[in-house]
Amino acid sequence: MAVYFDHRIEAPESTDVPSQICWHSAVPVLAVASNRATSGGTVDLYLQQGEYVENCHLERSHQPTVLRWHPTKPVLALGWENGEIVLLTHPSGDQTVLPNTHTASITLLEWSSSGSRLVTGDQTGALAVWKVDARGRLQGNHLVKHEYNKPLTYCIFKPASPGDDVAMLARASVNGDESALDMFSWKGAPLKMGPQEGLAFYVSTADGICFFVLYILSAIKKLFYLQKRETLVVITETLMLSQYSLGPEGGAQEFMKVKLSSRSGQNVDIVWTDNSLLITAAGEQIIRLWDLERDDNYVLSLDESLGFERGEMINCVSYCAGKEILAAGTSHGRIAMWRMVVLPANSRGDSKAQWKLQTPTEIEGHIMHLQWGSSLNLLAANNSNTVMILCEHVMSAHFSQQVAAVQLTPTQLSITQFSTGMRASLQSDMHIKGVCVTKDSVTVWSGKQVTVYELSGTVLRITGSFTCDSNVVAVHGENVYTVEPNRVQIRTPQGTVKQLLTFSKAEGNPVLLSVCQSYLAVGTDTAHIKVFDLSRRDAKAHCSAKSLTEEIANLGALRSVKCNANGSQVSILISQVNRRHEVVTLHILKSFSADTNIYNWSQKPQFQETELNGRCPVSHFWDESDPRLFVCETVPISSESSSASYLDTVDVSVMTLFCTQEHGLLLQDCYPKPAGLQALLALDVPYYYFSCKPGESTPAHFPHMVSRRPLRDFVGLENCEKTTRDAMLNFSFYLTTGDMDEAFKSIKLIKSKAVWENMARMCVKTRRLDVARVCLGNMGNARAAKALKEAEAEPEPEAQVAMLAIQLGMLEDAEKLYKCCQRYDLLNNFYQASGQWQKALETAEIHDRIHLRTTYYSYAKYLESMGDKNQAIVYYEHSDTHRVEVPRMLQDDTSSLKIYVDKMKDKNIYKWWAQYLESQSDMDSALHFYERAQDYLSLVRVHCYMGNIQKASEIANDTGDRAASYHLARHYEGHDDIKQAVHFYTRAQAYNNAIRLCKENGLDDQLMNLALLSNPEDMMEAASYYEEKGMHMDQAVALYHKAGYFSKALELAFATQQFSALQLIAEDLDENSDPALLARCSDFFITHSQYEKAVDLLVAAKKYHQALELCVSQNLTITEELAERMTLTDSKELSEEVRKELLERIADCCMRQGNYHLATKKYTQAGNKPKAMRALLKSGDTEKIVFFANVCRQKELFIMAANYLQSLDWRKNPEILKTIIGFYTKGRAPDLLAGFYEACAQVEIDDYQNYEKALDALTEAAKCLSKSKDTLSGQQEVRLANLQHKITLIKKFVHARRLYVEDANEAVQLCEALLEEPELDPAVRIGDAYGFLVEHHCQQGNFQVAYRKLEELQKLLPTQNVRYYISQTSLEALQKEMGVHLDRGDLGPNVKEDDEVEEDLSVS
């Protein structure tokens, strides 16, 4: 908790009412301007505690109007109402009066951001700019002066653009660069007016900064510049807010204008923050805030519960960016402060939730003006009579040797002595900055004075007081330890120095002191640590000074230093600068070791996956007696701050650790700080000691500000003796290290059940069930041991530990454990057993819905036991058990039950109520409710009981209810009304009873229909009845058949010659029927020429050969289904050979019937692929033939397929051609392939006269023929020789045709020589050779020769048409030149175009 010390300024007696206050931005110096009652005024400077600076006093006969501090130098600019401007330097008091430029009251003083320029303005509108050097001294006369002839009210500087490099411009201007000089000099930047008259102008200053000076007809109250959006914000005296976008040349364009809400006629105080927040106070009970970035507005109000009064007005406001605190002064002398709270990232609360109102600070008077200032974030308050300087101070607290002291106010302490229970209050005459207690003394200090009080009972007596500037003090026994540069002073309580502990310059100045038992730990400003032994008369160094700078990276500063009880280890809280953010870490080192061994707890791997990950320490303490035990407070890293704000954080955890040389840091316990407690003070086993939050303690004359909480291991053992306490500590330590043997050794001699119970409780925290069993055994708690044994059946260890917690009464821990392992079913049972029914219901509704109805039922039973029947009814309904449970519960309250029955309108409840009425002999009402419940059985039963048989029959007939019909049938049977009994038995579908009555009473006409409606047993019984009587045999056969007794039905049908019935029976026979029965039926059908049915039955009887023979003899078509039935692959009754034979016979039959595809399939199944291919060839399905050949991959099949494909039109389908060649190749039949190539060559010659392609084909044929192995008869050589002869002749002809283009005569000679070759025609057609010669001679004009060749051709080929060989053009030219008429008759036989020549191609 933080408080504010208020220091009244030590103003001279001649000073009157303070009018203005102004803090320096960096130095803690406050300027106060005062006005005298008569005339004139003064300006004085004061330090941070209100000390008056005598050298800096200014007094004039005129009143001061404006105060402005230089941004960096301690120079104050003062403006007076007569136009005089003075520069006052602190602390020397030097005064510099600016040349007389202004003649009217000064209204404007503004320094540039670097302090190199000062802008001054007065009431008449005169504006001047002055140059100031780096030391803050005035340089000559004003640089620029401009007259506006209107009062100047405000000045604001626009920040420089990021591209303006001031240093570069300065160097360029010095080197003579005129453009840079223009930008850098005032002479090159005349004043410019903006486009809107009377708005603004800007000037470039020497440091590259532009500023705006605004004057407007309506008085300007405030100007602000929003840098993010480059927007100028203007607020007038009438609270009109305007926003202007600024252009590069100084132009301004208004884009938003709004009226701020406020009380009229009041002096409004306006504050602007860096995050674009506008805050106003106008003498109201609220503060108004406008967020210009988010376009949002809201208000903050005072809270009477914190000490504010009703009707208290807020006069002024001030915002501290460093602390993020908004301060407001009220009309009743209180200063309200709101601290900005950082909301979580996912928080969507309103903006008002970002501010938290603190406890107010009270000063007297009516606060008129507040201002934060200096690097120390001091607050100055003007209450019209004087000025108060407020400095924030964290409330001091200290605990040692069972004595605790907590600061209540700046001058008051609360003292608690736990050993005696004494409480006292200490009132000091100074502001207390720190306190240190021992069992006999209380020492307080203010930073300038130290006072020591002796603690005797409830009386505090001063034993010594002395002046000392030490900011930290420590006490041990009769010695007081204070610090000064490079040394620690050991003093008596009266201030006498007994000993000096010196530090070298490298070791630095002591700034931190801490005493534990007989050891003093000292931390310096150079991050050195040194420990001293105080057990002797003189303090001795326990170890050499250790430097942390080299050991710890990014070391910032030491925050606190603490040593343990034997001085062996020191813990240090350190600020580390990491990526411009301050991070607090905790380090522990061994003080006596020669090697510096540092443990950084934030880097311990065992902490990374616990709740400590992402947290940092804020305070730390060693136990006062055990050197191993250590405790610290931790907060999330995001909320850690250098101030005391963490004390307001909800998420604070208290972490206890063991720290030893062998094991390092070991986490012993971690739990959230209890509510209502402020901060951890100390650890003294068996207690933690906390300071309480204000208002949390019990009201009393001496408020109890310290509270203690037992350690986890000492709950219930707070008053145990030292031996037990040490044993428990050792047990806890060894349990933490995992050494169970040593843990049990440390407690084996303890006989107290309370100790064992406490250790069992500890086992819940550590989840050590093995230790818990030993503890329960020593406690003698058999019930808990049994429950723990039964809980071992649960798979989750947390669920087992939860049962242990329940047995020990640790219900909260059990609840957390069940939630941790997500055993919501057990959690639900736990809530029910502990009477927490609302939590049980919530758990069942959200997580354990499988037990939701059970939970509702259990809660309803509980409510019923508590007498709350109305609520019990609700939850019985929720559990869906109300139909039984509610009538049971209300059976003694018939009126309430009747109301409930009428309200619910539930059939089951109606039935229950009707039964109740029937038991009460109220038959009419019972019938009414039975009818509403639609319980027709009960209606019929009651009507029969009452003798209303006719009404009962109507109900049974109308509703068709089987139970009602059966009851009525029994009634009729009992009264010998057989016809009605049979009728209602039939409606009740109780056919066996109806059949029984029909048989007994000879109702044969109804028996058949009833039997057909009933089950097979009843059908058999009825059929036997007919058979025994020897009548209605057709009905007996039908019933046997319907019941599934085919053998009996067939036997009876054959015996009685019922052929129509026999056919019906045969249709239902299948493979599962008796083979003999099937054979008998098939013979019957053969006899009656019903061969198809006979075949089906033979196949069903597995007489496949007979069935096949019948198909062949009677020429029955074999379908694919029939064929499959005869050749089942999984049949075990046929051997493989028999099955293949059967398949081939089926395939042969299919071939005869023309079903080639089925024949192919069966041949294939029989493994006879050649026959399968022949069947497929007969089908003519080319696609399947090609597919089958490729699948089988047999030579014979490839050749067969290729031979078939040659019969197709392969000349027009290249794919077939490729397939033929491929199949002959795969079939390894080169002679056949050669023959195919010869056929191809002949086609090319006959159809297309393409001798080139024919030559290629014959060449391929020769290649294939040369590979043939048929050499037995010598036919290969003859055939190959003929083929080669053909190739030679064709080559000559092709050569002649190709040579014709180059040498026609040579080509003609070759062709004529070719005609002399014997056996030319098979290879080269004679017509083609003569045609070549005729064409040549026609082209050469030798028509005589051409005609002679034509005649020779006609003689050689008298039966052929020469038009096939000679072109029409040549014939026409020959006819014209020779003068002869060549008709079709002259050229050969007349062949019609439509005639087709069929060639019989025989392929061997």
Side-chain angles (χ1 to χ4, degrees), residues 2-25 27-35 41-53 56-57 64 67 69 76 90 269 271 281 302 306-309 312-320 322-323 325-339 358-395 407-412 428-433 446-448:
V3 296
Y4 283 87
F5 290 171
D6 57 292
H7 303 278
R8 185 188 301 270
I9 60 172
E10 301 171 358
E13 296 181 359
S14 60
T15 304
D16 289 327
V17 180
S19 59
Q20 296 186 58
I21 54 177
C22 184
W23 278 109
H24 192 283
S25 60
V27 183
V29 179
L30 176 68
V32 179
S34 303
N35 297 333
T42 60
V43 175
D44 297 286
L45 302 185
Y46 301 91
L47 301 180
Q48 66 182 82
Q49 294 190 8
E51 301 95 331
Y52 176 60
V53 182
C56 300
H57 173 74
L67 304 178
W69 281 101
L76 177 67
H90 172 269
D269 194 9
V271 173
L302 304 177
L306 293 178
F308 294 99
E309 299 179 15
E312 195 165 357
M313 302 299 179
I314 300 175
N315 299 324
C316 51
V317 290
S318 182
Y319 178 72
C320 177
K323 292 179 174 291
I325 291 178
L326 175 62
T330 71
S331 57
H332 292 184
R334 294 185 180 88
I335 299 177
M337 294 191 187
W338 286 268
R339 185 184 297 275
Q358 312 291 310
T359 304
T361 301
E362 297 189 16
I363 61 175
E364 70 275 4
H366 185 82
I367 301 175
M368 299 301 298
H369 188 203
L370 289 177
Q371 187 182 30
W372 290 96
S374 83
S375 59
L376 302 178
N377 295 319
L378 305 174
L379 179 64
N382 180 6
N383 63 358
S384 300
N385 296 323
T386 185
V387 175
M388 310 290 290
I389 298 176
L390 285 80
C391 177
E392 186 181 24
H393 171 67
V394 178
M395 287 290 199
Q407 188 173 8
L408 300 177
T409 68
T411 59
Q412 186 181 12
S428 175
D429 55 357
M430 63 180 179
H431 287 302
I432 300 173
K433 281 195 173 181
S446 65
K448 293 187 176 181

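Keep in mind it's a predicted model, so treat the numbers as computed, not measured.
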Exercise. Under the side-chain contact (heavy atoms from CB on, under 4.5 Å) rule, what do W69 and C22 come out as? Steps first, then yes or no, please.
Key: CA-CA 8 Å; W69 281 101; C22 184; 3.4 Å; yes
Quiz item: Can you check whether T409's main-chain N or O pairs, donor with acceptor, with Q412's side chain at less than 3.5 Å?
Solution: no
Quiz item: Roughly how far apart are M368 CE and D269 CG, rounded to 0.5 Å?
Solution: 9.5 Å
Practice problem: With rounding to the nearest 0.5 Å, note down the distance linking OG1 in T361 to CG in L390. | Solution: 6.0 Å
Self-check item: Closest non-hydrogen atom pair, L76 against V43
Solution: CD2-CG1, 4.1 Å
Self-check item: For M430 against T411, the heavy-atom pair lying closest together
Solution: O-CG2, 3.4 Å
Quiz item: Counting only N and O atoms by type, is there a donor-acceptor contact under 3.5 Å from the side chain of N315 to the main-chain atoms of I367?
Solution: yes
Quiz item: Does I432 offer a backbone N or O that forms a donor-acceptor pair with the side chain of Q407 under 3.5 Å?
Solution: yes
Quiz item: Which heavy-atom pair separates A381 from L370 by the least distance, and what is that distance?
Solution: CB-CD2, 3.4 Å
Self-check item: Closest non-hydrogen atom pair between H431 and S446, with its separation
Solution: O-CB, 3.0 Å
Practice problem: Could you tell me whether a side-chain N or O of R334 sits under 3.5 Å from a main-chain N or O of G307, the two making a donor and an acceptor? | Solution: yes
Self-check item: Candidate pair H24 and H90, rule side-chain contact (heavy atoms from CB on, under 4.5 Å), full reasoning
Solution: CA-CA 11 Å; H24 192 283; H90 172 269; over 6 Å; no
Quiz item: Taking atom CD1 of I335 and atom CD of E362, what is their separation to the nearest 0.5 Å?
Solution: 10.0 Å
Practice problem: Please report the C-alpha distance between I325 and W372 in whole Å, then the side-chain angles of each, then the deciding distance to 0.1 Å, and finally whether the side-chain contact (heavy atoms from CB on, under 4.5 Å) criterion is met. | Solution: CA-CA 10 Å; I325 291 178; W372 290 96; 3.9 Å; yes
Practice problem: Would you mind reporting whether E312 and S331 have side-chain heavy atoms less than 4.5 Å apart? | Solution: yes
Quiz item: Looking at L302 and W338, what are the two nearest heavy atoms and their distance?
Solution: CD2-CH2, 3.8 Å
Quiz item: Tell me, do V17 and N35 make a side-chain contact under 4.5 Å, heavy atoms counted?
Solution: no
Practice problem: Assign the ring pair Y52 / H57 to parallel, tilted or perpendicular, where the plane angle (0 to 90°) is split at 30° and 60°. | Solution: perpendicular
Self-check item: Distance in Å, L378 CG paired with Q48 CD, rounded so as to fall on 0.5 Å steps
Solution: 6.0 Å
Exercise. Look at the side chain of N383 and the backbone N and O of G333, then say whether any donor-acceptor pair between them is shorter than 3.5 Å.
Key: no
Quiz prompt | Nearest heavy-atom neighbours spanning L379 and M337 | solution = CD2-CE, 3.6 Å
Quiz item: W23 side chain to Q371 main-chain N or O, any donor-acceptor pair under 3.5 Å?
Solution: yes
Self-check item: By salt bridge (Lys or Arg N to Asp or Glu O under 4.0 Å) - contacts of E10 (at least two apart)
Solution: none
Quiz item: Does any N or O in the side chain of S19 come within less than 3.5 Å of the main-chain N or O of A33, such that one atom is a donor and the other an acceptor?
Solution: yes
